[in-house]
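Per chain, numbering begins at 1; letters A, B, ... match sequence-line order.
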Number of protein chains: 2
Amino acid sequence: MRDLKTASLGERDKRHLWHPLTQHKTSGDMLPITRAKGCILTDDEGKDYIDAISSWYTAVYGHCNLYITSKVAEQMTRLDQVVFSGFTHEPAIQLSEALMKILPENQQKLFFNDNGSTATEIGIKMALQYHHNLGNDRKVMLAFEEGFHGDTFGAMSVSGLSVYNGAFEDHFIRVERIPVPNGKNNEEVLEILKRLISTHNIAGFIYEPLIQGAAAMKFHDADGLNEILKLCRKHDIILVADEVMTGFGKTGKFFASDHIEEKPDVICMSKALTAGLLPMGLTSCSQMIYDAFYSDDLAKGLFHGHTYTANPLACTAALAALELLNSEEIQQKIAHISERNKQFCRELKANPKLSKVRSLGVIMAFELNVKTDRYGSLRNELFNFFMEQGVFLRPLGNTIYILPPYVISDEELDKIYRAIDSCISKF
Amino acid sequence: MRDLKTASLGERDKRHLWHPLTQHKTSGDMLPITRAKGCILTDDEGKDYIDAISSWYTAVYGHCNLYITSKVAEQMTRLDQVVFSGFTHEPAIQLSEALMKILPENQQKLFFNDNGSTATEIGIKMALQYHHNLGNDRKVMLAFEEGFHGDTFGAMSVSGLSVYNGAFEDHFIRVERIPVPNGKNNEEVLEILKRLISTHNIAGFIYEPLIQGAAAMKFHDADGLNEILKLCRKHDIILVADEVMTGFGKTGKFFASDHIEEKPDVICMSKALTAGLLPMGLTSCSQMIYDAFYSDDLAKGLFHGHTYTANPLACTAALAALELLNSEEIQQKIAHISERNKQFCRELKANPKLSKVRSLGVIMAFELNVKTDRYGSLRNELFNFFMEQGVFLRPLGNTIYILPPYVISDEELDKIYRAIDSCISKF
């Protein structure tokens, strides 16, 4: 074995690291990234890549954003961490006040956690325990086919898109599913829903509003979704919106739920919440949910708690990120990218090699009219093609999508579009 | 409603924050903490409290430790975050190499995640999918009565101590339980285990080695545990050690598993891993586990992944923390606190008002011989009594325990001991 110091980062990586969502026998080597600044990732050989998906939809204000990092650095000198049971602190309080200004008005209480999976687990627990506390016998969750809500057992259970979860399916919580409304099947979906409501005691409905991220940026019909939510509400089914991917400006509004009339009871947040700097999750809810847990009976409380809940550094990052999100500059950038995406979509729509060309806010996606598996060889060819062009995209099967940082320049966006043009010509 | 700016932090906290493990109707107000440095937490009125439980067993090198925060601040200028699927980075690689030097020798691969719950969920998934991939029909987990492994659905399921999880029990994964070996019941526990093995297809055994944290620092008999582990291994039951609380020096060795001959296949880590600065979890495993997932068959991979997996800032904090842990200074401090705890235990053992006076490493605990509920009124009286003395402890029922930061001074440790003396006199 070579000396650690002379081995390359890639070789050292292989010795002891097991990467997420990776079959190491068939995957290639992991590419070492040594620097990130703004929209650019730089590898260990000095090659630059535009981060066209904001590092899994997180770093929307650009990497190593000085406004955010300087506030976190300052917070690190004052208060790093304190138990959030029995104690509180200013970063969490300020963040709660800032979030109240942009969340749908019915959202009143915030429950902190650490990532998207825990945010949805708590959403599911709020729905189930809400009914439990009220004495209702409701123990079934409702979810969309092909939804994705995370990788812990509760989150996996409600995820329809659990293609590789065969080892765990016997352990899933009880879930019924409906298709996503696409405008053509809206009535049919409502009929399926009515049947499920009449035959199952459904506690809650968890859904990614308008866009299913992991299902390769699948768009819904907003009216169809609104009708589903109205029917659920009529039957006291708790509405849990998973805005982990869609939240914080990506759809052109603060939350995807802002595009829909019927508001959720619970909203799950993470990813861009902390601007790609630090992990944090957050589950908000309405006063009605909170009140069902507020009782002289201790057991009616939500006995959930992660050690680093409301970590002051992550709260500080989130607060600084919200200030940027609310700024005129970022709002204009979001509107500008949205408009440019729309224009690019208009150019692509006539191309017979593509289908489902679509965009909402900074999210833009289309399908290449070729057959492939989600993680098949074409997917890897596409990934490599874009990386060679200096653009980091993460195709899912034959779906190519972008979700660029809000701070992207016109030149960088052009480079992404041109790489996509080349890709379409080649494949 | 008063203006936000004139309202106190405590009042502002109540408007929108829902705290973990808290029944807000019966709990008191949350105490605002404005600063933390070393072993001292300071509230919004300037009162100091010794952090005698290292903020839930995390901040063992002291709060806002300059050695660690300066490295994280520097990392924030270089690389904040990158997708860890397809990419890698130096902080994760260096951390993996540093961890290999202190983990039990059979541990070879590291799977990153975000907290203790996800660390154990992945441990459970490794055990279940290991057997699934080998074609074994094993779908039952084994766990200790009164174990605690987290709050997501998989983690809740294996936790015996789920007193307030009534709303979720119908959704738990299949778990069988054995009592904790206490030296007197070792043979009996082995008999129960033999019966369970013969009647159930047990995939894995998850256990907190030697000390159950949330079960009020319940100590095991090491020989009894070793016999259990040996019997499990003989039957190919995957051993998943939950070292979230016990890891990184608290028991006087790097891991509690270092006190036990039979080594785990999987180790779950979090809490002190990142020194109380940032959230991160980590699940390590042996080559045997990894090899069962390494295949030309994509579906045999572990398709689990959190967005902030191996966050470079958290990795940097963990790496700096490990350097401190390995230092002669910290090792001497751990030995010194362990010795002082032992001495204090000798003083307390004669006291008829106490039982089960015990210590291991920096952890020291005893029971007050009074009846109380886990979250009953005596518990709150004890908490308030210590806080008045300027000592932050978190009694669980009638159990009082300390887990001080390794950097605590003799004077601070004296103050904790004297507060405990006063408490024993009073209650």
Asker: I'd like to know if the side chain of A/Lys271 and the backbone of B/Tyr308 have a donor-acceptor N/O pair within less than 3.5 Å.
Answerer: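 Checked: no pair found.
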Asker: At their closest point, which heavy atom of B/Gln81 faces which heavy atom of A/Ser55, and how far apart are they?
Answerer: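 Minimum heavy-atom contact is O-OG, 3.8 Å.
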Asker: Counting only heavy atoms closer than 4.5 Å, note whether A/Asp170 contacts chain B via side chain, backbone, both or neither.
Answerer: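 Contact with chain B: side chain only.
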Asker: Restricting to non-hydrogen atoms, name the atom on B/Met156 and the atom on A/Lys125 that form the minimum distance, rounded to 0.1 Å.
Answerer: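 Closest approach of B/Met156 to A/Lys125, heavy atoms only: SD-NZ, 3.4 Å.
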Asker: Sub-3.5 Å donor-acceptor pair from the side chain of A/Asp80 to the main-chain atoms of B/His63, do we have one?
Answerer: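 Checking the backbone N and O of B/His63 against the side chain of A/Asp80, no donor-acceptor pair under 3.5 Å is found.
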Asker: Which of the residues A/Ser70, A/Ser270, A/Gly154, A/Ala314 is involved in the greatest number of heavy-atom pairs with chain B at under 4.5 angstrom?
Answerer: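 The residue among A/Ser70, A/Ser270, A/Gly154, A/Ala314 with the greatest pair count is A/Gly154.
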Asker: Please round to the nearest 0.5 Å and tell me the distance separating atom CD1 of B/Ile289 and atom CH2 of A/Trp18.
Answerer: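 If we round to the nearest 0.5 Å, B/Ile289:CD1 and A/Trp18:CH2 are 7.5 Å apart.
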Asker: Calculate, to the nearest 0.5 Å, the distance between atoms NE2 and CZ belonging to A/His19 and B/Phe111 respectively.
Answerer: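 Separation between the atoms: 10.0 Å.
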Asker: With a 4.5 angstrom heavy-atom cut-off, which part of A/Tyr57 approaches chain B: side chain, backbone, both or neither?
Answerer: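 No part of A/Tyr57 comes within 4.5 Å of chain B.
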Asker: Does any part of the side chain of A/Gln107, heavy atoms only, come nearer than 4.5 Å to the side chain of B/His16, both counted from C-beta?
Answerer: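 Not in contact.
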Asker: Is there a donor-acceptor pair closer than 3.5 Å between any side-chain N or O of A/Lys37 and the backbone N or O of B/Leu79?
Answerer: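 No, the answer is negative, given that no donor and acceptor are paired below the 3.5 Å cut-off.
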Asker: Is B/Asp29 in contact with chain A via its backbone, its side chain, both, or neither, using a 4.5 Å heavy-atom distance?
Answerer: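 Answer is backbone: N, CA, C or O of B/Asp29 sit under 4.5 Å from chain A.
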Asker: With chain A as the partner, which of B/Leu95, B/Thr283, B/Thr274, B/Thr42 has the greatest number of non-hydrogen pairs under 4.5 Å?
Answerer: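 Most pairs with chain A among the choices: B/Thr274.
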Asker: Specify the closest pair of heavy atoms between A/Arg78 and B/Thr34, including all atoms of both residues, with the distance to one decimal.
Answerer: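 Shortest heavy-atom separation between A/Arg78 and B/Thr34 comes out as CG-O, 3.8 Å.
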Asker: For B/Asp297, is it the side chain, the backbone, both or neither that has a heavy atom under 4.5 Å from a heavy atom of chain A?
Answerer: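 The answer is the backbone of B/Asp297.
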Asker: Which class fits the ring pair B/His24 and A/Tyr290: parallel under 30°, tilted 30 to 60°, perpendicular over 60°?
Answerer: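 Geometry flag for A/Tyr290 against B/His24: tilted rings.
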Asker: Checking heavy atoms, do the side chain of A/Leu302, its backbone, both or neither come under 4.5 Å from chain B?
Answerer: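 For A/Leu302, backbone and side chain are both near chain B.
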Asker: With a 4.5 Å limit on heavy-atom distance, are the side chains of B/His306 and A/Asp114 in contact?
Answerer: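 Sidechains of A/Asp114 and B/His306: no contact.
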Asker: I need the minimum non-hydrogen distance between B/Phe303 and A/Asn165, along with the two atoms involved.
Answerer: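 Answer, listing the atom of B/Phe303 first, then A/Asn165: O-OD1, 4.4 Å.
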Asker: Keeping B/Glu121 on the side-chain end and A/Phe153 on the backbone end, is there a donor-acceptor pair under 3.5 Å?
Answerer: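 Yes; judged by distance alone, with no hydrogens or angles, the pair exists.
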Asker: Checking heavy atoms, do the side chain of B/Ala59, its backbone, both or neither come under 4.5 Å from chain A?
Answerer: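 For B/Ala59, there is no contact with chain A at all, as no heavy atom is under 4.5 Å.
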Asker: Determine whether more than 12 heavy atoms belonging to other residues, nucleotides or ligands lie under 6.0 Å from atom CZ of B/Arg35.
Answerer: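 At most 12 heavy atoms, drawn from other residues, nucleotides or ligands, come within 6.0 Å of this atom.
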Asker: Can you see which heavy atom on B/Pro20 is nearest to which on A/Gly305, and at what distance?
Answerer: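 That would be CB-CA, 3.5 Å.
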Asker: Which one of B/Thr307, B/Leu41, B/Thr26 has the most heavy-atom pairs closer than 4.5 Å to chain A?
Answerer: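 Result: the option with the highest number of such pairs is B/Thr307.
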Asker: Side chain, backbone, both or neither: which part of B/Phe383 has an atom under 4.5 Å from a heavy atom of chain A?
Answerer: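 Interface part for B/Phe383: side chain.
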Asker: Based on non-hydrogen pairs under 4.5 Å, which of B/Gly276, B/Pro32, B/Ser96 is most in contact with chain A?
Answerer: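 Highest number of heavy-atom pairs under 4.5 Å: B/Gly276.
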Asker: Using 0.5 Å steps for rounding, measure from the NE2 atom of B/His171 to the NE2 atom of A/His171.
Answerer: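 Nearest 0.5 Å value for the NE2-NE2 distance: 15.5 Å.
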Asker: At what distance, to the nearest 0.5 angstrom, does CZ of B/Phe112 lie from CG of A/Leu17?
Answerer: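 One gets 6.0 Å once the value is rounded to the nearest 0.5 Å.
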Asker: Of the backbone (N, CA, C, O) and the side chain (C-beta and beyond), which part of B/Ser284 lies under 4.5 Å from a heavy atom of chain A, both, or neither?
Answerer: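 Interface part for B/Ser284: neither.
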Asker: If you tally heavy-atom pairs under 4.5 Å against chain A, which of B/Ala36, B/Ser157, B/Gly301, B/Ser117 wins?
Answerer: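 Most heavy-atom pairs under 4.5 Å with chain A: B/Ala36.
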Asker: Could you tell me which portion of B/Phe168 (side chain, backbone, both or neither) has an atom closer than 4.5 angstrom to a non-hydrogen atom of chain A?
Answerer: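 For B/Phe168, the side chain is the part near chain A, not the backbone.
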Asker: Could you go through B/Thr22 and A/Phe84, starting from their C-alpha distance and side-chain angles, then the distance that decides it, and tell me whether this counts as side-chain contact (heavy atoms from CB on, under 4.5 Å)?
Answerer: CA-CA 10 Å; B/Thr22 303; A/Phe84 205 59; over 6 Å; no
Asker: List the steps and the verdict of side-chain contact (heavy atoms from CB on, under 4.5 Å) for B/Thr69 and A/Thr77.
Answerer: CA-CA 8 Å; B/Thr69 58; A/Thr77 67; 6.0 Å; no
Asker: Is there side-chain contact between B/Ser85 and A/Arg394, with at least one heavy-atom pair below 4.5 Å?
Answerer: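 Yes, close enough: below the 4.5 Å cut-off.
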Asker: I'd like to know if the side chain of A/Asn311 reaches the main chain of B/Leu277, judged simply by a donor and an acceptor atom lying under 3.5 Å from each other, with no hydrogens or angles considered.
Answerer: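 Yes, A/Asn311 side chain to B/Leu277 backbone: donor-acceptor pair under 3.5 Å.
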Asker: Between B/Asp13 and A/His89 (side chain of the first, backbone of the second, donor and acceptor by atom type, cut-off under 3.5 Å), is there such a pair?
Answerer: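 Not confirmed, B/Asp13 side chain does not pair with A/His89 backbone.
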Asker: So which part of B/Leu110 gets closer than 4.5 Å to some heavy atom of chain A, the side chain, the backbone, both or neither?
Answerer: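 Looking at B/Leu110, backbone and side chain both touch chain A.
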Asker: What part of B/His132 gets within 4.5 angstrom of chain A, counting heavy atoms only: side chain, backbone, both, or neither?
Answerer: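 B/His132 touches chain A through side-chain heavy atoms alone.
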Asker: Closest heavy-atom contact between B/Asn115 and A/Thr118?
Answerer: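 The answer is ND2-CG2, 3.8 Å.
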Asker: Between atom CG of B/Leu298 and atom CG of A/Leu21, what is the distance when rounded to the nearest 0.5 Å?
Answerer: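 Those atoms lie 10.5 Å apart.
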Asker: Heavy-atom distances under 4.5 Å only: say whether B/Leu313 touches chain A with side chain, backbone, both or neither.
Answerer: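 The answer is the side chain of B/Leu313.
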Asker: Who wins among A/Ile68, A/Val83, A/Ile173, A/Leu66 for the most heavy-atom pairs under 4.5 Å with chain B?
Answerer: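 Most heavy-atom pairs under 4.5 Å with chain B: A/Val83.
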Asker: Examine whether an atom of B/Ala92 lies under 4.5 Å from a heavy atom of chain A, and if so say whether it belongs to the side chain, the backbone or both; otherwise answer neither.
Answerer: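 Contact with chain A: backbone and side chain both.
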Asker: Of all of B/Thr309, B/Leu278, B/Leu128, B/Val82, which one pairs up most often with chain A through heavy atoms under 4.5 Å apart?
Answerer: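 The candidate making the most pairs under 4.5 Å is B/Leu278.
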Asker: Of the backbone (N, CA, C, O) and the side chain (C-beta and beyond), which part of B/Met245 lies under 4.5 Å from a heavy atom of chain A, both, or neither?
Answerer: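 Answer is neither: B/Met245 stays 4.5 Å or more from chain A.
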Asker: Name the region of A/Met100, side chain, backbone, both or neither, that has any atom closer than 4.5 Å to a heavy atom of chain B.
Answerer: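 Side chain only.
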Asker: What part of A/Thr152 gets within 4.5 angstrom of chain B, counting heavy atoms only: side chain, backbone, both, or neither?
Answerer: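 Contact with chain B involves both backbone and side-chain atoms of A/Thr152.
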Asker: So which part of A/Met387 gets closer than 4.5 Å to some heavy atom of chain B, the side chain, the backbone, both or neither?
Answerer: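 Answer is side chain: those atoms of A/Met387 sit under 4.5 Å from chain B.
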Asker: Given that the side chain runs from C-beta out, which part of A/Lys139 has a heavy atom under 4.5 Å from chain B: side chain, backbone, both or neither?
Answerer: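 Contact with chain B: backbone and side chain both.
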Asker: I'd like to know which of B/Pro91, B/Gly28, B/Gly86, B/Pro312 tops the heavy-atom pair count under 4.5 Å against chain A.
Answerer: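 Between B/Pro91, B/Gly28, B/Gly86, B/Pro312, the count favours B/Gly86.
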Asker: Hey, does the side chain of A/Tyr294 reach the backbone of B/Gln23 with a donor-acceptor pair shorter than 3.5 angstrom?
Answerer: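 Looks like no, no N/O pair under 3.5 Å.
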